[in-house]
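Data first, discussion second: the structure below is written as structure tokens.
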Number of protein chains: 2
Amino acid sequence: MTKASPSAGDRKRLSPEERRAMIVAGATAYFSEVGLEGNTRELSKRLGVTQSLIFNYFSTKTDLLEAVYRAVYLDRISPDWPALIADRSRPIHDRALTFYREYTQAIFSYEWMRIFMFSGLAGAELNRRYLEHVSRLLLRPLMEEFRSAAPGPRKPEMEDIWNLHGGIIYIGIRRYVYQVPCPDDQDPAIRAAVGRFVDAFDIPCEQACQTVPSLPDGKAQANADITTR
Amino acid sequence: MTKASPSAGDRKRLSPEERRAMIVAGATAYFSEVGLEGNTRELSKRLGVTQSLIFNYFSTKTDLLEAVYRAVYLDRISPDWPALIADRSRPIHDRALTFYREYTQAIFSYEWMRIFMFSGLAGAELNRRYLEHVSRLLLRPLMEEFRSAAPGPRKPEMEDIWNLHGGIIYIGIRRYVYQVPCPDDQDPAIRAAVGRFVDAFDIPCEQACQTVPSLPDGKAQANADITTR
DNA sequence: ATTCTTATTGATCAAATGATCTATTGCGTT
DNA sequence: AACGCAATAGATCATTTGATCAATAAGAAT
């Protein structure tokens, strides 16, 4: 852990940019743990600085929280995903699975999941904008690709896509919000969820099924790529 | 709504039981809206009583919150569900769908969803106990029934059941936590999710597919309106 | 080594908040 | 109508917490 000496002879001078970044990083960790109403004194203790220093860099606590929001939300959505989803040279099964692997890789973290949930409960406009963004740029195109790939008359609606999405996101909610035991490796569950969804709309397998077995054989998960913190 | 006059000549004397119940009800509504760190003065204003009165019925704010937890969690899990899930005289498709209709009916409310999320983020032991309860008494038996009904070698693991569960619960999270527009009637989405899950394990349809609508389902499917309360 | 800029500290204020205690008064009893 | 119990109100205390500001000292420039 970072050093947490609150007040001693070890007064260090950092450049404003470094100090500001350090405060934002510490605030992200702290507020994601205790909630957005965490107090600045406890935060300053964890940072190893005085409480007043925080207000030297952020005029108000709300300002600090907005910096945290920006740091957390920034660059989580890869600009490559719309092209990935729309790339019809690859089977939709493959594209959907790759997308959800990368998407969960991006947002399944203690900080992101909890800050998002805290700010969502607080009614932050930022959350609604984010979800609208995800819906318009990622999920709706994903639906269109599924509809285009489905040979029969059964084609997914947006609510079906939200169901696929929610089932996968819920893994992160269990792990980081409820903090109940979860498999270390969520990849088999994601693979199975995407596989079931593809099957449900009679989408032919093509070469995707060889590289991606749609059903995991056992519960022996090997790697743990995402830790609890 | 209830009258919210804070202090006037309308001092009313209620029996301790009535007053206590009134405070718990008001606290549930208030805390579910603003979070568990809401203050007792604002709560007392909404109740139309003085702040000190709250501490006449609850020795501490934590006491009050525990009463809120009890009121919210109490009797949400029907004792009939284990028997419903285990009733092999009915197709598993039918049982799963009925269960999720009744379960979402029970917990999809502004108060429940948000109190559960707030206390989950706060790390409340009660949440973990609740989820453990759901897992052991409902989801694991549900998995066993699916495994028994599946004719082929593909049988669901617990993670698959959690995926089904999460995809459905996520509807309530979108509506009450994120408060984004959702269909008024979530029944079609639930029906579709359970249907896809059943299909994925090659479970024969039997008469389930005809007798499915056990609720008077309206036609308000594409009707997307935000119904936050 | 001395000077100077400014990042940082320590003290402090004002408002908010949980909790306590005594005075009031609604309402059943007589 | 008078009485008395106890439900309720109002005042108040002790902390907590966001925010301010003058004093201090780290580190670069000379």
Side-chain angles (χ1 to χ4, degrees), chain A residues 2-28 30-69 118-119 122 124, chain B residues 2-28 30-31 33-69 118-119 122:
Chain A
T2 55
K3 71 117 185 290
S5 18
S7 66
D10 57 340
R11 180 190 282 190
K12 292 278 181 58
R13 283 167 74 103
L14 298 186
S15 74
E17 299 76 37
E18 284 176 309
R19 183 62 79 191
R20 194 183 163 91
M22 173 196 175
I23 291 175
V24 171
T28 302
Y30 173 62
F31 289 125
S32 71
E33 184 180 330
V34 307
L36 308 182
E37 334 74 16
N39 62 77
T40 55
R41 277 180 176 78
E42 175 66 22
L43 169 59
S44 70
K45 265 185 207 161
R46 298 203 188 187
L47 289 170
V49 300
T50 55
Q51 181 237 4
S52 57
L53 186 65
I54 296 172
F55 287 93
N56 213 301
Y57 290 90
F58 302 92
S59 63
T60 175
K61 188 189 162 187
T62 305
D63 268 13
L64 173 59
L65 280 176
E66 276 167 17
V68 168
Y69 287 152
F118 277 123
S119 61
Chain B
T2 56
K3 68 117 187 290
S5 19
S7 65
D10 57 339
R11 182 190 280 190
K12 292 280 181 59
R13 282 167 75 101
L14 299 185
S15 74
E17 300 76 35
E18 284 174 309
R19 181 62 79 189
R20 196 182 161 91
M22 174 196 175
I23 292 175
V24 171
T28 302
Y30 173 62
F31 288 125
E33 183 180 329
V34 305
L36 307 181
E37 335 73 19
N39 61 77
T40 54
R41 277 180 175 78
E42 175 66 21
L43 169 59
S44 70
K45 264 184 208 163
R46 297 203 189 188
L47 289 168
V49 299
T50 55
Q51 181 234 6
S52 59
L53 186 65
I54 295 172
F55 288 93
N56 213 299
Y57 289 90
F58 302 92
S59 64
T60 175
K61 187 189 163 187
T62 305
D63 268 13
L64 173 59
L65 280 176
E66 277 168 15
V68 168
Y69 288 152
F118 277 123
S119 61

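Letters go in sequence order (proteins before strands), and every chain restarts at 1. Quick note: numbers below take in every heavy atom, side chains included, and nothing from hydrogens, waters or symmetry partners. Just so you know, these numbers come straight off a predicted model, no measurement behind them.
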Between A:Asn56 and A:Gly38, which has a closest nucleotide on DNA chain D that is more 5'?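 Taking each residue's closest nucleotide, the earlier one in sequence belongs to A:Gly38.
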Taking atom [atom2] of [N] as reference, at what distance in whole Å does atom [atom1] of [X] sit?
X       : N      : atom1 : atom2 : answer
A:Ile54 : C:dG10 : CD1   : C1'   : 15 Å
B:Phe55 : C:dT20 : CZ    : P     : 8 Å
A:Glu37 : D:dT16 : CD    : P     : 17 Å
A:Glu18 : D:dG27 : CD    : C1'   : 13 Å
A:Leu53 : C:dT9  : CG    : P     : 6 Å
A:Leu64 : D:dG18 : CG    : C1'   : 12 Å
A:Glu17 : C:dT6  : CD    : C1'   : 13 Å
A:Leu65 : D:dA19 : CG    : C1'   : 15 Å

Is any side-chain N or O of [X] under 3.5 Å from a base N or O of [N], one able to act as donor and the other as acceptor?
X       : N      : value
A:Gln51 : D:dA19 : yes
A:Arg41 : D:dT16 : no
A:Ser52 : C:dG10 : yes

For the side chain of B:Lys61, counting heavy atoms from C-beta on, which of C:dT25, C:dC27, C:dG18 is nearest?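 Nearest to the side chain of B:Lys61 among the choices is C:dG18.
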Between D:dT20, C:dT25, C:dG18, spot the one nearest the side chain of B:Arg13, thanks. C:dT25
Could you measure the distance from the CG atom of B:Leu47 to the CG atom of B:Leu53? Nearest 0.5 Å is fine. 8.5 Å
When you measure from the side chain of A:Lys61 to the backbone of A:Asn39, do you find a donor-acceptor pair of N or O atoms at a distance under 3.5 Å?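 No, A:Lys61 side chain to A:Asn39 backbone: no donor-acceptor pair under 3.5 Å.
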Judged by atom type as modelled, is there a donor-acceptor pair below 3.5 Å linking the side chain of A:Tyr57 to the main-chain atoms of A:Glu17?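 Not confirmed, A:Tyr57 side chain does not pair with A:Glu17 backbone.
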Would a 4.5 Å heavy-atom cut-off, applied to side chains only, mark A:Phe58 and A:Val68 as touching?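 A:Phe58 does not reach A:Val68 side chain to side chain.
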Tell me whether the side-chain N/O atoms of [X] come closer than 4.0 Å to OP1 or OP2 in [N].
X       : N      : value
B:Asn39 : C:dT17 : yes
A:Tyr57 : C:dT8  : yes
B:Thr40 : C:dG18 : yes
B:Arg19 : D:dT8  : yes

Mind checking if A:Thr60 touches a base, just sugar-phosphate, or nothing, with heavy atoms under 4.0 Å? sugar-phosphate
Starting from the C-alpha separation in whole Å, work towards a yes-or-no answer on salt bridge (Lys or Arg N to Asp or Glu O under 4.0 Å) for B:Arg46 and B:Glu33. CA-CA 12 Å; B:Arg46 297 203 189 188; B:Glu33 183 180 329; 3.1 Å; yes
